[in-house]
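The structure appears right after this line, and notes come after that.
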Amino acid sequence: MNSYDTLGGNGSGPSGTAAVCHWLKHMKLYRVVLIVVVCSLTLPFVFYNLLVHEESNVQHNDIHRTRSQLFTFEDVTPMKAADLKLRIDEMLRMKGTVSLELRDLESRRQKLQSDIGLYNQKIDELKQELARQQTELDRLKISVEQAQVAQREAVLRNTPELALPRALYSETLPTDMRPIGGEQSRACKMSTCFDHSRCSLTSGFPVYLYDPDTTSVVSEGFDIDGFLKTTIKQTLGYNAHLTTDPKKACVFLVLVGEALAEHEVLKNNRYNTALGGSDRSSLPESGTMQPSSLNVTRLRLLPYWGGDGRNHVLLNFARREIGPGTGNMLQGRSMDTGRAMLVQSSFEESQFRVGFDLIAPPILGPPGGDVWQECAPMLPARRKYLLSFQGELHGQNGSLGVAGPHGTDDTESDTVDEFIIEHLKEMSSGRTQDYFMLQFECVPATEQRSPSGLREWSLCGTDNSRKSVLKESTFALLLAPGGGSTSSTLLQARLYEALRAGAIPLVLGGDQVQLPYAETIDWRRVVISLPKARITELHFLLRAIPDADLLMMRRQGRLVWERYLSSVQSTVDTIVASLRNRLGIPPKPIPSVVAHSVFNSSFVPLKSDPVIDTEPEESLGPIEPPYPSPAFRRNYTATLVQSREMWNDWADPFSLYPQLPFDPVLPSDAKFIGSHMGFRPIGKGAGGTGKEFGESLGGNYPREQFTIVMLTYEREQVLMDSLSRLYGLPYLHKVIVVWNSPKPPLEDLRWPDIGVPVHVVRAPRNSLNNRFLPFDAIETEAVLSVDDDAHLRHDEILFGFRVWREHRDRVVGFPGRFHAWDVNTLDSWNYNSNYSCELSMVLTGAAFIHKYYTYLYTYTLPQAIRDKVDEYMNCEDIAMNFLVSHVTRKPPVKVTSRWTFRCPVCPVSLSEDDTHFQERHKCINFFTKVFGYTPLLNTQYRADSILFKTRIPHDKQKCFKFI
């Protein structure tokens with residue numbers, strides 16, 4: 001028998017006990033401990049499962065079985081079976097009750113935990129609200145302080161608030177006065193022959209035009225060119241200074257030419273020379289006086305002549321006759337025009353009254369409209385021909401013995417002209433790499449003669465042939481006329497054609513002549529004017545001019561040509577503006593676009609509380625009442641102080657603007673000494689960061705606010721969300737929503753109440769150009785143009801506003817783009833939105849601009865560009881960048897690191913279309929063609945806050961927490 005058999009015996013008797021002891025003796029201690037532990041853990045679970053199993057199997061119908069089972073335990077326990085059953089039943093009831101109480105306690109515990117979570121959330125919300133209210137309280141305190149400062153300034157103000165003045169007009173017709181003599185007339189000045197009492201500074205310079213169809217002052221057998229009569233009346237009708245009331249008039253315009261013989265009026269050749277064509281035999285011989293077209297008797301019978309013609313302006317335009325000796329209706333005559341001013345293109349030196357008469361170019365262009373198609377591209381800087389000239393000298397053969405106006409012979413002039421011609425021929429045929437196009441005899445030859453014997457270089461060829469040569473010429477030679485002429489029609493025609501073609505005019509003998517509108521136009525930036533004695537140094541000088549100066553002069557020449565010479569409209573407007581500029585009278589205010597509400601006058605839109613996004617908990621500025629930017633404060637000083645800039649830099653002397661981005665800046669100490677009104681220096685002048693910085697705008701300009709212009713089209717919910725995000729934005733004056741959809745807003749649409757006025761403006765039609773309409777509701781200089789899906793934080797907007805205040809003449813915004821040269825075709829530009837270290841545009845979907853540029857975009861930008869924007873429904877932001885860079889010659893300013901600004905949950909916009917970029921490529925190249933060059937300039941920096949990424953002490957604050 002083995003040990004297992006011994007162990008498996010009955011266990012009785014000594015042998016069994018010995019076997020167990022023997023087995024335990026040889027068993028290891030850890031096994032014993034393990035067996036004991038397992039038994040102690042297993043037995044309670046076994047008994048518990050038995051009890052639970054027995055309880056679960058007890059049924060109400062097994063009571064007899066239960067009773068029998070209980071009776072079997074009577075031998076085991078002294079307690080009776082009935083008592084034991086009652087005890088078990090009681091324990092079961094206690095268990096059920098305890099279970100219910102535990103479940104109830106558990107549910108109450110969970111509810112308490114949920115309540116604790118809600119209370120904690122409410123505590124957090126209350127803390128945030130407390131912080132928000134504390135920030136709001138701080139802002140209100142700042143607002144109260146700012147209001148108190150504004151109140152003190154209002155009490156201490158000692159200068160009036162300037163606005164558009166009330167016009168003061170003359171109330172009577174010119175009274176009759178005794179005519180003056182010829183000598184006194186030839187010595188007329190503005191101080192001696194002009195009645196200033198009819199032209200108040202606040203009059204607006206009203207101008208009256210004698211109707212050329214009913215009032216004629218030309219002699220019998222002559223008539224004024226029909227084209228001129230029609231277009232002068234039409235273009236003056238568009239001029240804001242025209243009045244139909246002669247009592248109010250400051251000046252009276254009389255159209256006296258171009259007067260042609262009645263048999264010539266039926267012709268319509270624009271470049272007819274005075275001595276060409278089939279009727280040359282009927283013209284007088286050289287030196288013979290032609291009959292005058294002006295009837296002085298009829299002139300003096302004008303109803304408002306006043307006896308001496310004061311404040312009258314005689315307009316003698318040249319259009320069809322621009323040959324030698326034309327354009328001067330008083331040449332060689334002693335006709336008495338009284339105190340009237342004379343405007344024409346040709347003057348003798350003894351006839352021209354400096355500061356009184358006015359030299360105007362001949363009418364060679366269309367009535368008005370876009371003229372960019374007539375111009376040549378500005379690049380390359382150096383063209384095929386370095387210098388070109390096409391002309392033939394007249395008046396030298398038949399008039400060599402004719403004495404000049406001062407009794408001198410023209411032999412010396414002949415010698416000088418011959419030397420100039422010979423030197424130019426040698427220069428063109430010498431050893432040089434430059435090409436010249438110099439033609440001193442017309443081919444075929446002409447039979448033109450000068451009717452007055454004046455030495456004049458006539459035109460060769462046709463307008464198109466001359467244009468083709470000038471478009472390939474870097475410089476165009478203009479030779480001064482002889483015979484004591486201050487100006488001639490042919491000289492002005494050559495100037496017109498050269499500027500139109502982009503050839504830089506080179507006036508040889510420039511010290512002898514006057515160019516048109518010389519009082520206001522700075523011709524030194526457009527024309528190279530040399531005395532004839534410099535002919536031997538001419539080639540050296542032309543080669544010494546660098547490309548940058550060539551392109552600057554070409555650009556300035558095109559600017560002058562487009563604005564002042566190109567059309568009948570520009571010529572008439574420039575004449576009126578020149579006369580007004582002499583008197584120091586400001587122009588008429590430029591008209592704004594009336595902002596018609598999209599709602600009926602009886603409809604009140606529903607309001608709702610804005611959904612406030614979580615904004616950085618920092619004080620960004622005070623909450624101020626609406627404060628419009630002061631307007632028309634420099635009505636008179638701008639004309640006096642910045643007249644040259646108006647005419648030559650901005651090229652817009654025709655209108656008065658409420659504000660300009662070029663207004664002068666006061667010195668820093670003026671903010672504290674005598675000129676402190678409106679300024680809010682940081683820390684009252686002591687500087688600071690954080691709280692002190694947020695309390696005041698600081699900077700170099702007085703306090704101001706900005707207007708948000710938001711373009712939208714049938715995205716109501718996106719619009720409402722964008723408006724809600726503007727709640728509590730400091731320095732916000734108002735919001736203008738341009739409703740581009742033909743459908744009105746829904747009547748039940750709830751507009752968020754953001755604390756500032758929200759004007760919903762009905763657009764005249766669906767056009768992206770509506771973004772830049774100069775609405776009269778915009779009362780601030782700063783305009784923030786944003787898309788309805790642009791998502792910008794308050795601190796970003798305010799930082800952009802602060803940066804714009806230092807760069808008021810530029811586009812300041814967030815998303816940067818650039819124009820890239822097409823390296824495949826090498827002849828065009830591409831629009832690029834990739835990340836780059838160089839940019840040239842800032843998208844106006846989130847950018848600050850000056851309101852001044854909305855006027856330029858609407859009234860000055862070529863119509864072809866706005867039409868292209870409507871055609872593509874795209875590119876209005878590119879057009880604005882082109883315009884601002886063209887005017888300022890500066891790149892835009894990008895702020896912060898943001899490259900995109902779209903709302904992440906907004907619907908897809910037009911910019912996501914596949915054709916969007918292709919259209920923008922085409923836009924850049926088309927705009928370049930219209931401007932003649934690409935005005936966009938590159939920049940390699942962006943603007944961030946001064947203390948951005950600067951390590952500062954822990955007890956100091958930055959300007960912005962997140963910028």
Side-chain angles (χ1 to χ4, degrees), residues 271 318 322-327 345-347 349 359-362 364 383 385-395 413 416-417 419-421 423-424 427-428 436-442 450 454-461 463 465-467 469-518 521-535 537-539 541-542 545 550 553-554 556-558 560-561 564-565:
Y271 283 100
I322 58 172
T326 60
S345 57
S346 181
F347 281 97
E349 184 178 354
I359 299 176
L364 302 179
R383 298 175 173 177
Y385 301 117
L386 178 65
L387 181 67
S388 69
F389 177 82
Q390 291 176 289
E392 188 172 272
L393 183 61
H394 288 271
S413 298
V416 172
D417 289 340
F419 176 78
I420 290 175
I421 294 173
H423 185 80
L424 289 173
M427 183 175 65
S428 61
F436 296 85
M437 175 59 185
L438 301 177
Q439 181 182 347
F440 299 107
E441 292 182 0
C442 295
S450 175
L454 293 177
R455 301 171 54 80
E456 188 95 43
W457 288 91
S458 65
L459 298 173
C460 292
D463 179 43
S465 65
R466 293 191 300 272
K467 183 189 296 185
V469 172
L470 289 172
K471 284 184 176 181
E472 294 184 336
S473 303
T474 306
F475 298 94
L477 179 62
L478 280 66
L479 293 171
S485 293
T486 295
S487 176
S488 71
T489 303
L490 273 172
L491 179 70
Q492 307 300 335
R494 288 186 181 276
L495 178 68
Y496 175 96
E497 292 182 352
L499 295 178
R500 178 186 62 182
I504 300 172
L506 169 63
V507 183
L508 200 56
D511 54 341
Q512 306 171 15
V513 297
Q514 291 271 359
L515 297 181
Y517 316 124
I521 297 179
D522 188 0
W523 287 105
R524 293 173 300 178
R525 299 169 57 181
V526 180
V527 171
I528 298 178
S529 181
L530 297 175
K532 292 183 178 181
R534 295 289 185 190
I535 181 62
E537 302 173 287
L538 179 61
H539 194 188
L541 176 63
L542 298 183
I545 300 176
L550 290 176
M553 296 184 71
R554 187 171 295 159
Q556 188 68 18
R558 174 163 173 171
V560 169
W561 181 82
Y564 308 127
L565 312 177

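Start at 1 with the first residue, then count along the sequence.
- When each of P324, P362, S485 is paired with L490, the side-chain contact (heavy atoms from CB on, under 4.5 Å) condition holds for P324 and for no other.
- E472 is linked by a side-chain contact (heavy atoms from CB on, under 4.5 Å) to K384, Y385, counting only residues two or more places apart in sequence or in another chain.
- The side-chain heavy atoms of P505 and L499, taken from C-beta on, include a pair separated by under 4.5 Å.
- Of the possible donor and acceptor atoms, one in the side chain of R494 sits under 3.5 Å from a partner among the backbone N and O of S458.
- For K532, the salt bridge (charged side-chain N to carboxylate O under 4.0 Å, His left out) partners are D417, not counting sequence neighbours.
- Contact of the P516 side chain with the I359 side chain is registered, since non-hydrogen atoms from C-beta on lie closer than 4.5 Å.
- With sequence neighbours left out, the salt bridge (charged side-chain N to carboxylate O under 4.0 Å, His left out) criterion links D522 to R524.
- Side-chain atoms of F389 and F436, non-hydrogen and from C-beta on, never get closer than 4.5 Å to each other.
- Note that CD of Q390 is 7.0 Å distant from CG of L470, once rounded to the nearest 0.5 Å.
- Looking only at side-chain heavy atoms (C-beta outward), P481 and L491 come within less than 4.5 Å of each other.
- Remark: the backbone N or O of T486 is not paired with any side-chain donor or acceptor of Q514 at under 3.5 angstrom.
- Here the side chains of L515 and I521 are not in contact, with every heavy-atom distance at 4.5 Å or above.
- Within the 4.5 Å cutoff, side-chain heavy atoms of W523 are placed close to those of L495.
- Every residue meeting the side-chain contact (heavy atoms from CB on, under 4.5 Å) condition with L538, not counting sequence neighbours, appears here in chain and number order: L387, L424, M427, L506, L530, I535, L542.
- Defined by atom type and a distance below 3.5 Å, a donor-acceptor pair is present between the side-chain atoms of S345 and T489.
- Across all non-hydrogen atoms, the minimal contact from S473 to S388 is OG-OG, 2.8 Å.
- Annotation: side-chain contact (heavy atoms from CB on, under 4.5 Å) contacts of M553 (sequence neighbours excluded): I504, I528.
- For the side-chain contact (heavy atoms from CB on, under 4.5 Å) test, residues two or more places apart in sequence or in another chain that qualify with A360 are V343, Y517, I575.
- For the pair I322 and L459, the minimum side-chain heavy-atom distance is below 4.5 Å.
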